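Take a look at the structure below.
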Amino acid sequence: MERGDHLISPRTGYSHHGRYLGRNKVIHYTGFSHGRHKGVIAITSLDEFCQGESFTIQTYPFRLYTHEESAQRALTRLGEDWYDILLNNCEHF
């Protein structure tokens, strides 16, 4: 697994998305992943991100940003709390 990888973990009825930061840390919109109505972009452990589920790494035939650029762009949004289930959710992030 490489820093900046796009991770996807299955949930009941949807998939949760985040960016791997290395050292078993993931940055993601917490949103409904913890039963909250609104969440923030936070850094958690890989285990907390997966919540007992597996994960896959989304691969892309073409990347607009390098892995490191993807990680750095994600970090600029740390603490953001504009979660919206339809317009700004973990997959959008």
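Small disclaimer: the values here were computed from a predicted structure and weren't measured. Position 1 is the first residue of the sequence; numbering continues from there.
A salt bridge is absent between Arg11 and Glu53: the closest approach of a Lys/Arg side-chain nitrogen to an acidic carboxylate oxygen does not fall below 4.0 angstrom.
Linking Ile, Leu, Val, Met, Phe, Trp and Tyr whenever their side-chain heavy atoms come within less than 4.5 Å puts Ile41 and Leu87 in one cluster. Under the 4.5 Å side-chain heavy-atom criterion for grouping Ile, Leu, Val, Met, Phe, Trp and Tyr, Ile57 is not connected to Ile8 through any hydrophobic cluster. Following chains of ILVMFWY side-chain contacts shorter than 4.5 Å, one cannot reach Tyr65 starting from Val26, and the two form parts of different hydrophobic clusters.
The closest side-chain heavy-atom distance from His67 to Asp5 is below 4.5 Å. Residues Tyr29 and His92 have side chains not in contact (no heavy-atom distance under 4.5 Å, counting atoms from C-beta outward). Within the 4.5 Å cutoff, the side chain of Tyr83 has no heavy atoms near those of the Asn88 side chain. The shortest distance between side-chain heavy atoms of Leu75 and Ile43 falls below 4.5 Å. Between Lys25 and Arg3, the closest side-chain pair of non-hydrogen atoms is not below 4.5 Å. Here the side chains of Thr56 and Leu7 are not in contact, with every heavy-atom distance at 4.5 Å or above. Contact check for Ser54 versus Ser9: no side-chain heavy atoms found under the 4.5 Å cut-off.
Between atom CG of residue Leu78 and atom CD1 of residue Ile27 there is a gap of 5.0 Å, rounded to the nearest 0.5 Å.
The two residues Glu2 and Tyr20 make their nearest non-hydrogen contact at O-CD2, 3.6 Å. Smallest separation of non-hydrogen atoms from Thr30 and Ala42: CG2-CB, 4.0 Å. The two atoms that bring Arg19 and Ala74 nearest to each other are CG-CB, 4.2 Å, heavy atoms only. When all heavy atoms of Glu48 and Gln51 are compared, the pair lying nearest together is O-CG, 3.1 Å. The two residues Arg73 and Thr76 make their nearest non-hydrogen contact at O-OG1, 2.6 Å. In plain terms, the two heavy atoms of Cys90 and Ser15 that are nearest each other are SG-O, 4.0 Å.
There is a side-chain donor-acceptor pair under 3.5 Å between Ser70 and Arg63. Under the 3.5 Å distance criterion, with hydrogens and angles disregarded, no donor-acceptor pair is assigned to the side chains of His17 and His28.
Enclosure of atom CD in Glu91 is not indicated, since only 12 or fewer non-hydrogen atoms of other residues, nucleotides or ligands lie within 6.0 angstrom.
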- [ ] Kindly indicate, with the supporting measurements, whether the criterion side chain to side chain contact (heavy atoms under 4.5 Å, CB included) is fulfilled by Leu46 and Phe55.
- [x] CA-CA 9 Å; Leu46 180 59; Phe55 71 90; 3.9 Å; yes
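Looking only at distances, no side-chain donor or acceptor of Gln72 sits under 3.5 Å from a matching main-chain atom of Glu69.
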